[in-house]
Number of protein chains: 2
Amino acid sequence: MRKIAEPTIRRLSLYLRFLEEFEGRGTLTVSSEELAHRGATTAAQVRKDLSLFGSFGKRGLGYPVPQLAARLRDILGLERDYGVAVIGAGKVGRALAQYGGFASRGFRVRWVYDAHPAKVGMAWNGLRVRDVRLMRDDFPGGAPDIAIVATPADAAQDVADQLVGLGVKAILNFAPVHLAVPHDVTVKNVNMAIELEALSYALRHR
Amino acid sequence: MRKIAEPTIRRLSLYLRFLEEFEGRGTLTVSSEELAHRGATTAAQVRKDLSLFGSFGKRGLGYPVPQLAARLRDILGLERDYGVAVIGAGKVGRALAQYGGFASRGFRVRWVYDAHPAKVGMAWNGLRVRDVRLMRDDFPGGAPDIAIVATPADAAQDVADQLVGLGVKAILNFAPVHLAVPHDVTVKNVNMAIELEALSYALRHR
DNA sequence: GGATGTGAATGTCTTCACAGCT
DNA sequence: AGCTGTGAAGACATTCACATCC
């Protein structure tokens, strides 16, 4: 079952969201057709994606909603909680720290750091912003599961290096730079500038 | 020169960022090798991407930094300004509206809307939050160039429909749902839940 | 009957490797 | 000599189409 492609993983995450909707409505089975309709893909794609992890559907019937949802949560590793540290208490960091939507899926923001003295000490939703220089000593018993880098571009690589040093293995990067990290560390980038420029390109070429 | 692939566009945006760094430092030429090193790609990829738009480098030398930067800005459509409307004045909408980074690249947030009475009327950086129900009548002289949907999931499709009705052709969607729009409207999605779940998957499968 | 599961075909993107300019 | 530009090869991802099973 090794080596699942990145696009597949991202679709699984989408499927799970739809399944949870169906779950809430008490629907018991769902076809690949229905799952595809609400996502941005095709029935064949849904079946191929799911078949990579085993046969979960019943021919002639569809997929059992609660079982499939549970299986996807298991595959994606969502049955547990993750401790999340946010580095950078600017606009983005603040929105992330205060946003409640992640918590419901097990991503719990437990730490917020910033380098700026004016920010350090502020409390958001009972979460205190700590000096980033203290970060090194804050995790004697193991690093955060996930770190979110929301610093200015010029500080991001530095912060990433420190996180790697702490033993962080997963980074969500909002800074508009490519982070160089060892092979065993996973980085996902969220880069709004790229998205806007891709829109700009699309507007121009029609 | 038709039909450039999406991944290529996104890399062009990255290249441009690096070129602007080099520009700032007064560097006159840059090799595909150097451009690749700072991005997350290879020299061959850089050359292939750039060659899709013509021959801009000099063999044995590299690419002329200012010219290439100008050409990329032109290709991406960044020589002009875009009027941006943000729909949804929650955490994300607020961060977006207040974030100054976009303005420097020509994306100017000029309107912010929300459906919640408590939010309507607030002013952020001199920008007043307006009632989303008034949106329809706010653009007699043409729609915003780009709309950013930062509403809760259950309102997003509704808002998208209205935006399409206004004539908006480019949408950046932060709501965790797939937006159905006509073919001539471009949507880019930013979905932090997917990114986090992809990280979760990576953490679990090592 | 109806929908899955899957090899085979197709399409898309990346990498290779080298001829060709400067 | 050095580095680009590009056809060809290879890897990867999606779609098709149909046998298979409930």
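The figures that follow rest on heavy atoms only: side chains count, while hydrogens, waters and symmetry mates do not. To find a chain, count down the sequence lines: A is the first, B the second, and so on, and within it residues start at 1.
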Counting a pair only when it is Watson-Crick or G-U and both distances are under 3.5 Å, which runs of at least 3 such pairs involve DNA chain D?
->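 The stems are C:1-22 with D:1-22.
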Under 4.0 angstrom between [X] side-chain N/O and [N] OP1 or OP2:
{"X": "A:Ser32", "N": "C:dA3", "result": "no"}
{"X": "A:Ser55", "N": "C:dG5", "result": "yes"}
{"X": "B:Tyr63", "N": "D:dG2", "result": "no"}

Would you say the base of C:dT22 and the side-chain of B:Arg59 have a donor-acceptor pair closer than 3.5 Å?
->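 Such a pair does not exist between side chain and base.
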Within 45° cone of A:Tyr15 ring axis and under 6.0 Å: A:Arg11 NZ or CZ =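 No, A:Arg11 and A:Tyr15 do not form such a contact.
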Name the closest nucleotide to the [X] side chain, picking from [options].
{"X": "A:Gln45", "options": "D:dT15, C:dG5, C:dC13", "value": "D:dT15"}
{"X": "A:Ser51", "options": "C:dC16, C:dC18, C:dG5", "value": "C:dG5"}
{"X": "A:Lys48", "options": "D:dG7, C:dA8, C:dG5", "value": "C:dA8"}

What do you reckon, is CZ of B:Arg25 surrounded by more than 12 foreign heavy atoms closer than 6.0 Å?
->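 Counting other residues, nucleotides and ligands, CZ of B:Arg25 exceeds 12 neighbours.
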Rounded to the nearest 0.5 Å, what's the gap from CG on B:Asn189 to NE2 on B:His178? Could you check?
->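 Interatomic distance, B:Asn189 CG to B:His178 NE2, rounded to 0.5 Å: 7.0 Å.
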Spacing of CG belonging to B:Leu50 relative to OG belonging to B:Ser32, to within rounding of 0.5 Å |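 Between atom CG of B:Leu50 and atom OG of B:Ser32 there are 8.5 Å.
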Does a side-chain heavy-atom distance below 4.5 Å link B:Val168 with B:Phe139?
->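 No. Closest side-chain heavy atoms not under 4.5 Å.
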In whole angstrom, what separates A:Leu50's CG from D:dT14's P?
->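 Distance, rounded to whole Å: 14 Å.
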Any idea how A:Tyr99 and A:Phe102 line up, ring-wise: parallel (<30°), tilted (30 to 60°), or perpendicular (>60°)?
->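 It falls in the perpendicular class, over 60°.
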